[in-house]
Participant: 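What follows is a single structure, and I will ask about it in a moment.
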Amino acid sequence: MSSDVSGFDSLMEITKRPPVVFVEGRGSWLIDQQGKRYLDFVQGWAVNCLGHCAPLVVEAISRQAAKLINCSPAFYNEPMIRLAGILARHSGLNRTFFTNSGAEANEGAIKLARKWGQKHRNGAYEIVTLEHSFHGRTLATMSASGKAQWEKLFEPKVPGFPKVPINDLDAIAAAISDRTVGVMLEPIQGESGVFAATDDYLRNLRELTTRKGILLILDEIQTGVGRTGKLFGFEHAGVRPDIMTLGKGLGGGVPLAALVAREEVCCFEHGDQGGTFNGNPLVTAAGCAVVEEVAKPEFLRRVSETGAYLAGRLAALSRKHGCGEVRGRGLLLALELKSDTGAAIVDRARERGVLLNSPRPSSLRFMPALTVSFEEVDHMLAILDELLGQSA
Ligand SMILES: Cc1ncc(COP(=O)(O)O)c(C=O)c1O
């Protein structure tokens with residue numbers, strides 16, 4: 001490894017990183033220190049929705065950086081107001097609080113729901129969540145998550161998150177009590193391997209939560225901002241949540257997330273919520289550029305088309321190599337493998353210049369830039385075809 005990047009041992013060890021240092025990115029491609037090019041189907045974990053260094057995002061950030069970077073969240077700034085308006089118009093949810101990460105947005109959703117429960121449901125505070133869900137890495141969002149490996153981690157957990165299986169309405173109905181203030185779930189569980197809440201289940205859940213007078217909270221951090229072929233994942237089921245969280249693609253690569261809610265639910269009082277960097281003009285300017293682009297009908301149509309093409313070609317590969325199902329929607333897809341070869345395929349793909357992700361030992365996840373071309377999809381599939389052949 002070249003010595004002009006030093007300090008490897010100075011980084012806190014939190015994950016096993018491959019011996020590659022990236023220095024540049026353009027669209028669907030990343031370049032490392034040695035000048036090797038990688039076709040990126042990870043994109044910062046479904047973050048760079050317009051690809052690496054998309055000109056639209058670079059221009060928005062550069063223009064804003066020269067104008068105003070941060071004036072404190074205690075003041076209004078222009079891009080913050082503009083982006084909140086754009087999100088309200090498209091989602092039908094009137095109010096937004098911007099955050100710096102998805103976990104922080106979900107933490108805010110939990111706080112908002114608990115405050116609402118205090119004011120309107122006799123102090124109810126429990127939020128029913130799903131097994132295998134992923135909501136972030138703060139203590140409360142880890143407690144809300146249904147990740148089995150986290151069960152014994154960082155005890156004691158934040159209480160108040162009973163868990164039920166996905167797509168089981170009876171289980172949710174049984175878990176709701178006087179203590180319940182809401183239900184929180186991802187329209188598609190991305191981190192656990194791309195498992196979708198069905199449209200029927202979401203519709204029934206909307207009806208159930210309305211009937212019980214509790215909140216429906218959708219974590220759209222991975223499914224929002226065009227990832228599934230609609231601007232928001234909930235549009236497929238034709239429902240609208242009371243609270244939604246966005247992140248990942250929202251900033252096109254810069255740290256920007258959002259807690260978006262129906263007016264009637266917004267009960268924070270001054271001092272309940274805040275944060276030094278929240279809604280700063282630099283990142284919200286990027287967010288405006290991203291959402292204005294992604295919300296275009298022709299952009300979303302193209303995501304659906306590319307997603308359908310990728311899903312179809314993955315299904316053909318699966319048949320050829322005797323793999324399992326292809327799951328997901330739009331450009332959030334997974335392929336079930338024959339055995340626990342996910343990590344080995346990811347390593348070999350990287351050596352061949354393709355970046356993939358294996359959320360579980362027996363599956364691969366595909367979350368390319370929403371602008372990925374058919375040729376780039378073909379290129380990735382050609383390498384995957386070879387690797388699946390070798391791993392047979
Ligand atoms: C559905 C979902 N919620 C929350 C998060 C946490 O977001 P962040 O890593 O920005 O805190 C993620 C991240 O993968 C996610 O996929």
Side-chain angles (χ1 to χ4, degrees), residues 14-15 41-49 96-113 127 129-147 149-150 153-154 158 161 163 166 182-197 202 216-228 230 232-234 236 241 243-260 275 277-280 283-284 286-287 290 327-334 356-360 363 365-368 370:
I14 50 108
T15 189
F41 269 63
V42 176
Q43 287 289 352
W45 246 248
V47 163
N48 307 306
C49 56
T96 291
F97 170 72
F98 291 111
T99 67
N100 312 295
S101 71
E104 196 190 349
N106 282 339
E107 187 88 17
I110 293 164
K111 285 169 66 177
L112 187 62
I127 299 176
T129 59
L130 299 190
E131 291 168 5
H132 308 293
S133 58
F134 183 88
H135 297 297
R137 291 171 185 279
T138 62
L139 259 186
T141 55
M142 284 181 91
S143 306
S145 299
K147 209 170 144 94
Q149 304 93 299
W150 286 358
L153 204 57
F154 307 133
V158 176
F161 299 101
K163 312 271 182 318
I166 192 170
V183 174
M184 177 159 89
L185 73 158
E186 303 150 81
I188 299 176
Q189 295 185 336
E191 295 306 297
S192 74
V194 188
F195 291 94
L202 280 178
L216 177 62
I217 306 167
L218 288 183
D219 176 343
E220 292 253 12
I221 284 161
Q222 194 153 145
T223 50
V225 195
R227 180 57 51 188
T228 67
K230 302 256 186 215
F232 307 112
F234 66 72
H236 292 283
I243 299 176
M244 156 176 84
T245 52
L246 296 171
K248 291 196 182 279
L250 184 60
V254 301
L256 174 63
L259 160 62
V260 193
F277 298 113
N278 298 49
N280 70 74
V283 295
T284 48
V290 167
R327 295 185 293 269
R329 215 166 209 171
L331 284 168
L332 177 56
L333 295 168
L356 297 176
N357 166 250
S358 170
R360 302 195 319 170
S363 60
R365 176 171 45 167
F366 306 87
M367 39 189 175
L370 303 181

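Numbering of ligands and ligand atoms starts at 1, following listing order.
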Participant: So, does N106 use its side chain to make a donor-acceptor pair with the main chain of T141 at under 3.5 Å?
Facilitator: no

Participant: Just wondering, more than 12 heavy atoms not from F195 lying within 6.0 Å of its CZ?
Facilitator: yes

Participant: Check step by step if salt bridge (charged side-chain N to carboxylate O under 4.0 Å, His left out) holds for E220 and R227.
Facilitator: CA-CA 10 Å; E220 292 253 12; R227 180 57 51 188; over 6 Å; no

Participant: Applying salt bridge (charged side-chain N to carboxylate O under 4.0 Å, His left out), which residue pairs with at least one partner in residues 96-105 are found, sequence neighbours left out?
Facilitator: none

Participant: Taking only heavy atoms of the protein into account, state which residues are under 4.0 angstrom from an atom of ligand 1, in chain and number order.
Facilitator: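 Ligand 1 pocket, heavy atoms under 4.0 Å: S101, G102, A103, N106, F134, H135, G136, E186, E191, D219, I221, Q222, K248.
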
Participant: What is the distance from atom CD1 of I166 to atom NE2 of H132, rounded to the nearest 0.5 Å?
Facilitator: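 The CD1 atom of I166 sits 9.0 Å away from the NE2 atom of H132.
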
Participant: What's the separation between atom CD1 in I110 and atom CZ in F161, rounded to the nearest 0.5 Å?
Facilitator: 4.0 Å

